[in-house]
Amino acid sequence: MFAEGIARLSREDSGALLDELVDHIDRCPSYNHSWDQNELIRWDDWRMLHPVTGGPTDKVCSMRRTMISGEHGSGRALTYADAV
């Protein structure tokens with residue numbers, strides 16, 4: 001949990017809401033993948049929570065990062081002025 005707080009809420013209310021959100025996320029169903037050779041998985045880091053877990057040490061894993069450039073509608077961006 002890296003969030004320090006929620007704008008416009010007291011530290012106490014902010015902490016309580018963040019704790020509730022973390023509890024909700026922990027209760028959500030999760031997907032664990034069993035890898036097969038030559039398999040590819042793709043996900044959207046902006047909209048998906050995902051942990052990093054270790055894999056078998058005797059297997060080789062290759063990861064590539066790709067990004068989309070230009071205007072692609074990645075959601076609403078907040079500025080500092082929006083949060084104050």
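Counting begins at 1 with the first residue of the sequence.
- Among all heavy-atom pairs drawn from Ile6 and Ser14, the shortest one is N-OG, 2.6 Å.
- Between atom CD of residue Glu4 and atom CG of residue Leu18 there is a gap of 10.5 Å, rounded to the nearest 0.5 Å.
- Residues passing the side chain to side chain donor-acceptor pair (under 3.5 Å) test with Gln37, sequence neighbours excluded: none.
- Under the side-chain contact (heavy atoms from CB on, under 4.5 Å) criterion, Thr57 pairs with no residue at all, not counting sequence neighbours.
- Under a cut-off of 6.0 angstrom, the local environment of CD in Glu12 is sparse, with at most 12 non-hydrogen atoms contributed by other residues, nucleotides or ligands.
- Arg27 is linked by a side-chain contact (heavy atoms from CB on, under 4.5 Å) to Asp23, His24, counting only residues two or more places apart in sequence or in another chain.
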